[in-house]
Amino acid sequence: MKKILITGFEPFGGHTRNASWEAVQGLPDCLGEIAVFKKQLPVEYDRVANCLKQLLEEIKPDAVICVGQAGGRCAITPEKVAINWKAGKIADNAGIKYDGVSICDGADAYFATLPVERIVSELQNAGIPAAVSYTAGTYVCNCAMYCLLRLLKSTPVKGGFLHVPYTCEQAASINAPSLPLSMLTHALEIAIQTIFN
């Protein structure tokens, strides 16, 4: 049986919910012959790499998708690239704020090894708004993607990052773009199946 590690983030920035984790939690434990391991990551620059390293060692997955919330986006957006840079308008959940420094002494960028364009195509074919994104930002989502791909660079394990919009419930009070939570979870199921097909 193949194994996929899929992660979402805890709430951050004063919010009580995070669409990424809610979407991940809605996934079944198995999709056909694929075992699905669902884990939550901290919204902390300086902890996320070690958390991912521990999960990779513990689960030994065949593929990894990190999922993050991108409030303001109106589509599911698989990320093509992560950059070696951290900067945020707000502090992370540990109270740390970076104004522009390298994540580590490493490559300038890493490209996702997931079939990004094919995932987008499959989502669109299912009637789900989706587009390739060429910027994962410079907050903890980008940091997680960069650290993940750096950890996987000498392995056959495929990895990448997928951003989701707010859920409709989250967006109701702030008049922001959103998608139904059920659609977000269904999009993750399609992404997982696409990776292994």
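Computed over heavy atoms, backbone and side chain alike; hydrogens, waters and symmetry mates excluded.
In this structure R17 satisfies the side-chain hydrogen bond (donor to acceptor under 3.5 Å, both in side chains) test together with E22, sequence neighbours excluded. In terms of the side-chain hydrogen bond (donor to acceptor under 3.5 Å, both in side chains) criterion, residue partners of K53 (sequence neighbours excluded) are, by chain and number, E57.
Side-chain atoms of L181 and C168, non-hydrogen and from C-beta on, never get closer than 4.5 Å to each other. Side-chain contact check for S102 versus W85: some heavy-atom pair is nearer than 4.5 Å. Annotation: side chain of N125 is not in contact with side chain of I190 (no heavy-atom distance under 4.5 Å). The closest side-chain heavy-atom distance from I195 to I119 is below 4.5 Å. No side-chain heavy atom of L149 sits less than 4.5 Å from a side-chain heavy atom of K153. Residues T7 and V24 are not in side-chain contact: their nearest non-hydrogen atoms beyond the backbone lie 4.5 Å or more apart. Looking at heavy atoms from C-beta onward, E117 lies in side-chain contact with K80 at the 4.5 angstrom threshold. Using a 4.5 Å cut-off on side-chain heavy atoms (C-beta onward), F161 and S133 make no contact.
Without hydrogens or angle criteria, N18 side chain to E10 main chain gives a donor-acceptor distance under 3.5 Å. Under a 3.5 Å cut-off, the side chain of T185 and the backbone N or O of S182 do not form any donor-acceptor pair. No donor-acceptor pair under 3.5 Å is formed between the side chain of D108 and the backbone N or O of I83.
Separation of atoms CD1 (I192) and CD1 (I6) is listed at 4.0 Å; rounding is to 0.5 Å. Atoms CZ and SG, on F12 and C141 in that order, are 6.5 Å from each other to the nearest 0.5 Å. Rounded to the nearest 0.5 Å, atoms CG (L162) and CG (L114) are 9.0 Å apart. One finds the NZ atom of K3 at 12.0 Å from the SG atom of C30 (value rounded to the nearest 0.5 Å). Taking CD1 of I128 as the reference point, atom CG of L184 lies at 8.5 Å (rounded to 0.5 Å). Q69 contributes atom CD, which lies 11.0 Å from atom CZ of F9 (distance to the nearest 0.5 angstrom).
Residue A49 comes nearest to L151 through the heavy atom pair O-CD1, 3.9 Å, listed as atom of the first residue, atom of the second, then distance. In terms of heavy-atom proximity, G88 sits nearest to Y139 at CA-CD1, 4.2 Å. Closest approach of L27 to E189, counting heavy atoms only: CD2-CG, 3.4 Å. When all heavy atoms of E44 and D92 are compared, the closest pair comes out as CA-OD2, 3.3 Å. Looking at every heavy atom in both residues, A87 comes nearest to G100 through CB-N, 3.7 Å. Summarising the geometry of T77 relative to R73, their closest heavy-atom pair is OG1-NH1, 2.8 Å, with the distance given to 0.1 Å.
In the hydrophobic cluster analysis, where Ile, Leu, Val, Met, Phe, Trp and Tyr join through side-chain heavy atoms closer than 4.5 angstrom, I65 is grouped apart from L148. Cluster membership check: W21 shares its hydrophobic cluster with I76, using side-chain heavy-atom separations under 4.5 Å among Ile, Leu, Val, Met, Phe, Trp and Tyr. Residues Y146 and L41 share a hydrophobic cluster, clusters being chains of Ile/Leu/Val/Met/Phe/Trp/Tyr side chains in contact below 4.5 Å. Transitive grouping of hydrophobic side chains (ILVMFWY, heavy atoms separated by less than 4.5 Å) keeps V67 and V157 in distinct clusters. No continuous path of hydrophobic side-chain contacts links I34 to V64 [ILVMFWY only; heavy atoms under 4.5 Å].
The environment of K2 atom NZ is sparse: at most 12 non-hydrogen atoms of other residues, nucleotides or ligands sit within 6.0 angstrom. Environment of CZ in F196: crowded, with over 12 heavy atoms of neighbouring residues, nucleotides or ligands closer than 6.0 Å. Within a 6.0 Å sphere centred on CG of D29, other residues, nucleotides and ligands contribute 12 heavy atoms or fewer.
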Evaluate F37 against L55 for side-chain contact (heavy atoms from CB on, under 4.5 Å), listing each step before the verdict. CA-CA 10 Å; F37 293 82; L55 290 171; over 6 Å; no

In sequence, state the C-alpha distance, the side-chain angles, and the governing distance for K158 and D62, and then conclude on side-chain contact (heavy atoms from CB on, under 4.5 Å). CA-CA 7 Å; K158 303 296 184 187; D62 299 287; over 6 Å; no

List the steps and the verdict of side-chain contact (heavy atoms from CB on, under 4.5 Å) for K39 and Q54. CA-CA 11 Å; K39 301 293 181 178; Q54 289 172 7; over 6 Å; no

Between D46 and Y98, does a side-chain contact (heavy atoms from CB on, under 4.5 Å) hold up when you go through it step by step? CA-CA 11 Å; D46 299 334; Y98 288 104; 3.0 Å; yes

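No hydrogens or angles considered: nothing links the side chains of E122 and Q193 as a donor-acceptor pair under 3.5 Å.
Cluster partners of V132, using a side-chain heavy-atom cutoff of under 4.5 Å among ILVMFWY residues and allowing indirect links, are V116, V120, Y134.
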